[in-house]
Amino acid sequence: MNTTVEGQARAARRSGGAGVAEPTDEELMTAYVAGGPEAAASFRAIFERYAPLLSGVLRRGGLREDDARDVLQQTFLHVHRARADWDPGRAVRPWIMTIALNCRRELARRQVRRPEQELAHDPAVADRTARPLETSEEVERLRSALGQLPTAQREVIELHWFAGLPFAQVATSVGASVSAVKVRAHRGYERLRELLGGGGAGLTGVIHGSR
Amino acid sequence: MARAERPQDDGCAAVREAVRAGLEARPDLAPAALDHAADCPPCAALLADGGALGQSLAREPVPADVDPALLAGVERALAADGRSPLGWLRALPTWLRRLAVLASILPLVVWHALHFGWRVDLDVYPMLRLALTLGAFAALALRNAWVALRPVHEAPEPPARSWTFVGLALLASLLAAAWPAPYPMSPTLCWASEEDMAFECFTWGVALGLPLVVTTVVLNRLNGGASIVLAAAAAGLVGSLVQAAQCPHVGTAHLLIGHVTIVVALVAGGLLASLARRAWLDRA
């Protein structure tokens with residue numbers, strides 16, 4: 001279910017642009033859950049589709065590289081353990097995103113108790129954690145702004161913008177009502193605009209200017 | 001192969017597409033995006049200032065394909081998980097794990113019921129009070145045990161709600177004990193002092209509930225948050241429920257020392273177990 005541009009681009013890249021229809025996420029998951037000779041290949045395909053997306057979500061959420069890898073591994077371990085619970089009528093993307101968010105929350109609960117200063121004395125770790133994923137100043141500003149959002153708002157933006165989920169699925173993933181996640185998203189986007197120095201014309205201006 | 005239903009798009013996809021492409025670059029997308037944004041405040045924020053925020057968000061690079069070593073690590077972890085009995089148990093469907101938790105308490109509860117029978121004061125004890133007590137204990141125990149095994153693909157229960165239900169378990173047990181006795185204690189029932197009998201009730205109650213906690217810990221996939229404590233509260237209520245159905249002592253002192261302490265001790269044990277698990281994970 002590659003609903004995002006990047007997802008479709010990756011799918012097209014994998015198919016070599018030859019117009020070969022890629023199996024949907026749900027078809028891959030069904031094959032994986034069914035077991036048999038195709039299961040391992042289906043799991044690898046699911047991993048290849050989702051690991052980059054999840055990696056981005058986890059790192060933007062402020063996780064260090066080693067923690068992000070740990071949570072990513074945990075996420076796929078839980079995908080594997082929960083496979084018997086997967087209902088073929090459900091979309092895979094929100095299902096996996098919810099597992100990833102739960103694994104990240106579990107890590108966050110543990111990190112509250114972990115003294116961060118222990119790591120600062122380790123030059124190797126400090127070097128690895130300080131290394132930016134992308135050096136562009138604008139991207140750094142964006143990540144810094146995302147990092148300043150409350151977790152509840154950032155999660156909703158991750159799911160709505162970066163994972164491309166409809167609000168109904170975002171609501172299911174975070175355990176809130178659709179109207180509540182829309183409010184969180186609106187506040188989060190507005191706060192991002194402030195932090196990134198936006199403002200001015202507003203939507204009214206865009207609408208009148210475009211028509 | 002079954003075809004999965006595609007989720008209903010709520011119109012936001014058009015906005016994301018338009019913003020990523022640039023409103024000026026894709027004038028064909030702009031009308032649908034703007035129509036949708038008129039009723040969707042989050043999308044309106046994305047489109048404001050000519051889609052400036054959306055453009056910024058779109059610059060976030062798509063993560064490159066992940067390190068192949070990571071996939072190898074995941075596959076090794078899955079293989080190890082498949083070989084361990086714990087991994088196999090935790091991979092059972094959630095309905096079966098929940099059933100197993102309920103089944104874990106049955107042997108002792110059934111044996112206890114057959115061995116000790118119902119309370120001997122049934123003909124004088126107010127039925128409504130007994131039904132309310134048993135009903136409240138059973139409902140709270142079921143609810144807490146159910147939530148303790150919440151699957152990892154569902155959003156977690158807000159911690160405040162979980163702790164509220166742990167508190168309700170304690171409160172229900174306390175209320176049942178502190179409510180005025182329906183009749184004076186019959187001397188014929190006092191074959192031992194209330195305190196002596198209280199210890200017996202406490203021991204049995206904890207023993208009856210303990211399998212529920214152990215099974216929940218074994219079958220729980222993430223064990224996060226308050227799940228162990230919720231399971232412990234459910235276990236305490238099961239122990240209290242069985243004692244309320246069997247023990248004819250109505251004295252407040254006996255109920256406080258022998259029945260309420262079942263919930264208190266198991267909840268305290270659950271808290272300690274939860275803290276110990278976190279400390280162990282921190283070290284690991």
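The sequence lines fix the lettering, A, B, ..., with proteins before strands; numbering per chain opens at 1.
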Region of B:Arg76 in contact with chain A, defined by heavy-atom distances below 4.5 Å: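 Nothing of B:Arg76, per the 4.5 Å heavy-atom cut-off to chain A.
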
Can you tell me which portion of B:Glu157 sits under 4.5 Å from chain A's heavy atoms? Options are side chain, backbone, both or neither.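 Contact with chain A is absent: no heavy atom of B:Glu157 under 4.5 Å.
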
At their closest point, which heavy atom of [X] faces which heavy atom of [Y], and how far apart are they?
X: B:Ala155; Y: A:Ser173; value: CB-O, 3.3 Å
X: A:His186; Y: B:Pro41; value: CD2-O, 3.3 Å
X: A:Asn102; Y: B:Glu154; value: ND2-O, 2.9 Å
X: A:Gln73; Y: B:Gly73; value: NE2-C, 3.4 Å

Got a sec: does the CZ of B:Arg98 have more than 12 other heavy atoms crowding it under 6.0 Å?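 Yes, because the 6.0 Å sphere around CZ of B:Arg98 holds more than 12 heavy atoms from other groups.
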
Which atoms of A:Arg105 are under 4.5 Å from chain B, going by heavy atoms: the side chain, the backbone, both sets, or neither?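 Only the side chain of A:Arg105 comes within 4.5 Å of chain B.
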
Quick check on A:Leu77 against chain B: is it the side chain, the backbone, both or neither that has a heavy atom closer than 4.5 Å?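 When you check distances to chain B, atoms from both the backbone and side chain of A:Leu77 fall under 4.5 Å.
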
Is there a side chain to side chain contact (heavy atoms under 4.5 Å, CB included) between A:Asp85 and B:Arg221? Walk through the geometry before answering. CA-CA 12 Å; A:Asp85 283 336; B:Arg221 291 175 185 152; 2.7 Å; yes

Heavy-atom distance under 4.5 Å between the side chains of [X] and [Y], does that happen here?
X: A:His160; Y: B:Arg16; value: yes
X: B:Leu57; Y: A:Tyr189; value: yes
X: B:Leu70; Y: A:Phe47; value: yes

Go through it in stages, so that I can follow the logic: the residues are A:Lys182 and B:Cys43, the test is side chain to side chain contact (heavy atoms under 4.5 Å, CB included), and I'd like the CA-CA distance, side-chain angles, deciding distance and then a yes or no. CA-CA 9 Å; A:Lys182 280 190 172 184; B:Cys43 287; over 6 Å; no

How many angstroms lie between atom [atom1] of [X] and atom [atom2] of [Y], to the nearest 0.5 angstrom?
X: B:Leu78; Y: A:Phe43; atom1: CG; atom2: CZ; answer: 4.5 Å
X: B:Leu89; Y: A:Arg81; atom1: CG; atom2: CZ; answer: 10.5 Å
X: B:Ser56; Y: A:Leu195; atom1: OG; atom2: CG; answer: 11.5 Å

Do you know which of B:Leu96, B:Val74, B:Val152 has the most heavy-atom pairs with chain A at a distance under 4.5 angstrom?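 Looking at each of B:Leu96, B:Val74, B:Val152 in turn, B:Val152 comes out on top.
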
Picking from A:Arg44, A:Met97, A:Arg83, which has the most non-hydrogen pairs under 4.5 angstrom with chain B?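 Answer, by heavy-atom pair count under 4.5 Å with chain B: A:Arg44.
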
